[in-house]
Amino acid sequence: MAIFRLSGVHVKHCKNTAKMSAVRIPVPKTVNVPMSMHIGAPARPIVKVGDEVKVGQLIGEAGAGLSAPVYSSVSGKVKKIDEMLNIAGGQIQTILIETDGLQSVDESIAPFEVSTREEFLDAIAKSGIVGLGGAGFPTLIKLKADISKIDTLLINGAECEPYITSDTRTMIDDAEAVADGIALVKKFLEIKNVVVGIEKNKPECISSMKKALSGIDGATVRSLPSVYPQGGEKVLVYHTLGRVIKEGGLPLDCGVIVMNCTTVAKISKFIRTGMPLVEKCVTVDGSAIKEPKNVIAPIGTPARDLVEFCGGFAEEPRKALYGGPMMGIALTDLSAPVLKQTNALLVFGEKEATPPPVTPCIKCGRCIDHCPFGLDPTAISKAYKANDPETLEKLKVNLCMECGCCSYVCPARRNIVQRNKMAKTMLRNFQIERKKREEAQKNG
Amino acid sequence: MSVCVLSCVLFEFLFQKLCRRDVTVGDFSAVVTGMLLAFNLPVSIPLWQAMFGSLVAIVAVKQLFGGIGRNFANPALTARIVMIVSFASSMTNFATNADATSSATPLVQMGTDAMPSLLTLFLGNHGGCLGETCALALIIGFVYLLVRKVITWHTTVVFVGTVALFTLCLGQNPLEHVLSGGLLLGAIFMATDYSTTPSTKWGKVIFGFGCGLITVLIRVFGGYPEGVSFAILLMNILTPYISIWTRRKIFGGVKK
C-alpha cells in the first residue's frame with residue numbers, strides 16, 4: 001500500500017451516461033478499418049478490392065514482432081484499400097468495406113478449447129485484442145512476457161477521465177465476462193493475486209465486481225480515491241500495491257501485469273465464442289451531442305454515424321475528440337473511424353471548445369504541486385524555449401505521462417502539457433542524434 | 001491610496017502603450033501593487049511622493065523586467081525601499097489618529113515606556129504605515145486568502161514563527177515584534193507573491209525562514225527600526241536558487 005499519495009486534480013466527473021446501458025448502433029453503410037490500431041508494426045491487408053467479407057473474418061495479418069491482427073467488423077464487400085491520416089498524424093492503410101446489412105458471421109468462428117498456457121496464448125494471438133484503456137498495446141505481448149516474477153494481475157477499472165463511462169458499463173453489464181477473463185488470465189499465467197482498482201465515485205461498479213469476483217481465489221476489489229489521473233498505469237500500480245515503476249521500466253519489472261477491465265472482458269468473450277475484437281462500446285457525449293449514449297459500434301464506424309445515432313448535434317460543433325477531455329485526441333474531421341481502443345467520442349460546442357485567453361506565467365507553482373510525478377513544468381517550458389535538451393533530460397520530461405493536470409490547474413491557462421509533449425520530442429530527437437554521434441565516434 | 005492605485009494603473013497603461021505591448025491593466029495586478037504600496041506608506045505622505053513610488057514600482061521594477069510574472073523583486077516593496085532611502089523624513093512620520101499628531105512606529109519605542117499595549121497593537125490604534133497597524137484585519141485577510149486557496153500557509157507561518165522564535169531567544173517580547181511594524185503585512189501579502197518567491201513547498205519554508213532571520217537581525221542589531229521589506233527583497237533575489245534546490249523528487253526517476 002502506498003504511503004504517500006501522488007498528486008492529482010479533482011476534475012468534474014460529468015459521467016452523464018453512467019446509468020445508460022450500451023445500445024447497439026444499426027450497421028453503418030460503410031466502415032473504414034485501419035490496419036494499425038495498436039502500438040507496433042501495422043497489420044498487412046490480405047483481402048482485395050471486390051472480395052466478400054464476413055463478420056470476424058481476418059482481413060489484416062499481424063506484422064512482425066509487436067503487432068496485432070485485424071478482423072472485419074461487418075459483412076459486405078471490400079470497396080477500397082486506401083491510405084488515410086490517422087489521428088496521431090501519420091499515414092495508415094485502411095480497408096473500406098461497404099456493408100450488406102446482414103452481419104453474417106464467418107464460418108470459422110467457434111469457441112476455443114484451451115487447456116494449457118501455450119494454447120491460451122495461441123488463441124490470444126488470433127484475438128486481435130489490444131490494451132483497451134487507450135494505449136492499444138497488443139495484449140499478446142503483455143501475456144507472452146516472462147511471467148515467472150509476476151505475482152499480481154492488476155485490473156484497471158479506474159476510468160478517471162471525465163465523461164467516459166464505457167468501462168463503467170462493462171463492469172456493471174458485463175461483470176461476468178470481466179470476472180471470467182480475469183479467471184482465464186489468472187489460471188493460464190498462474191498468477192496468485194488479482195486486484196481490481198476502481199475509483200470510489202463508481203460504487204455500482206465496485207459492488208458488481210465484488211459480487212462477480214467472489215468465486216475467484218486471491219481476487220480483491222480496491223476502491224481508489226476519486227482523483228485524476230488514478231487510471232495512469234504508474235499511479236495505479238503505486239496506489240494499489242505501493243510499488244514504483246522505475247524510469248524506463250514496465251509493470252512487469254515489479255511483478256505486475258496491468259490490464260484494462262474491458263480488455264479482460266473481451267478475452268473472455270473471444271475464448272467463449274471465438275468472435276475476435278470487432279466491436280467496441282463508445283461513450284458519445286459532450287455539449288454538442290443531443291442525446292448522449294453509450295453505443296456499441298463495429299470497429300471502423302465513422303464518428304459521423306455515432307453522432308447521427310445520438311440524435312445529431314444540439315449546437316454547432318466546434319471540437320470533437322476521441323477519448324476524454326484530459327487526454328483525448330482532437331479529430332480533424334468526423335469521418336475518423338472508431339478504433340479498437342476508442343472509448344469515447346466527445347463533441348463540444350462553442351462555449352466548451354473555445355480556449356480561454358493565455359496570460360503570462362506568474363510562477364504560482366500549482367503545476368508543480370499537482371504533477372503526479374513531481375515534474376517541474378515551469379522549468380521544462382523554460383528549457384524548451386531555450387532549446388536546451390540537456391536540461392530537459394535532467395528535468396526528466398521523458399517521464400511526463402501527458403495527463404494534463406498541469407494545464408488543468410494553471411490560472412494563466414497556459415498550454416503546459418502541449419509544451420511538455422513538444423519538449424519530450426525535442427529530448428527524444430536529441431538522444432537519437434547523440435547516440436548516432438557516439439556510434440560514429442566508436443566506429444572510427 | 002487611490003492615488004497609488006490610479007497612478008500604478010496609469011503608468012502600466014502608458015508604459016505598455018509606449019512599448020507597444022499588449023495592455024494588461026485588465027488583470028488588476030497593477031491595482032494590487034498600488035494598494036500594497038499604499039499600505040506601505042504613512043498617511044501623511046505627500047501625494048507626489050506616492051506617485052513617484054508608483055512609477056518606481058510599475059516601470060522600474062515590473063515592466064522593465066518584462067511585465068507580470070517576470071519581475072524578480074516585489075514591485076511595491078522595492079518602491080517602498082526606494083522611498084525610505086529618498087524621503088526619509090516623510091516616510092517615518094506617522095499620524096496616529098484623526099487629529100494627526102505624529103509619532104514614531106512602535107518599533108522605535110520598543111523597550112521604552114511609550115510602547116503601546118499588545119491590545120492596541122492588535123487592533124491597530126497606533127502609529128504606522130497605512131496597512132500595517134491593524135493585525136486583526138491582516139489576519140482576516142490571511143484566512144480569506146487561505147480559504148480561497150490563493151496562497152498556502154507555509155511562507156507566512158514560517159516567517160512569523162521564525163521572527164517570534166529568534167526574538168524570544170534574544171530576550172525580547174516576541175508578541176510585540178509580531179504585532180508591530182510591517183511583519184504581518186509583509187508575511188501575509190508580500191512574501192506570498194507568486195512571481196518573486198519559490199514555487200515549491202519546501203522552497204516556501206526556506207524563504208519564510210530566511211525572511212524571518214533577516215528581519216530579526218535588522219530589527220535588533222541594524223540601524224533601521226524595520227527590516228521586513230529588506231528581508232523580503234533580499235530573499236527575492238535568492239528565489240531562483242531556492243526553487244532549484246528544493247525541486248520535488250521525481251516519481252520513478254533513476255539517477256544516471
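Within every chain, numbering begins at 1; the chains are lettered A, B, ... in the order of the sequence lines, protein sequences first and strands thereafter. Bear in mind that the values here come from a model prediction, so they are computed numbers and not experimental data.
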Worksheet entry | side chain to side chain donor-acceptor pair (under 3.5 Å) contacts in which one or both residues fall within residues 234-246 of chain B, not counting sequence neighbours | B:T200-B:T246

Worksheet item: Between B:S199 and A:G365, what is the shortest heavy-atom contact and its length?
Response: CB-CA, 3.6 Å

Discussion item. For the NZ atom of A:K394 and the CZ atom of B:R247, what is their distance to the nearest 0.5 Å?
Written reply: 10.0 Å

Fill in: Over 12 non-hydrogen atoms of neighbours within 6.0 angstrom of CZ in A:R419
yes

Fill in: Residue selection (most heavy-atom pairs with chain B, distance under 4.5 Å) from A:T359, A:L375, A:L6, A:I245
A:L6

Worksheet entry | Nearest atoms (heavy-atom pairs only) where A:K363 meets B:G69 | NZ-O, 2.5 Å

Discussion item. Below 30° counts as parallel, above 60° as perpendicular, anything between as tilted: where do the rings of A:Y238 and B:F251 land?
Written reply: perpendicular

Worksheet item: Counting heavy atoms not belonging to A:Q418, are there more than 12 under 6.0 Å from its CD?
Response: yes

Discussion item. Which atoms of A:D369 are under 4.5 Å from chain B, going by heavy atoms: the side chain, the backbone, both sets, or neither?
Written reply: both

Practice prompt. Go through B:I151, B:T192, B:I250 and name the one with the most non-hydrogen pairs under 4.5 angstrom from chain A.
Written response: B:I250

Worksheet, complete the sentence: Looking only at heavy atoms, the pair that brings A:H370 and B:R248 closest together is N-NH1, 4.5 Å

Worksheet item: What part of A:C364 is in contact with chain B, defined as an atom under 4.5 angstrom from a non-hydrogen atom: side chain, backbone, both or neither?
Response: both

Discussion item. Quick check on B:M51: does its CE atom have over 12 non-hydrogen neighbours (other residues, nucleotides or ligands) under 6.0 Å away?
Written reply: no

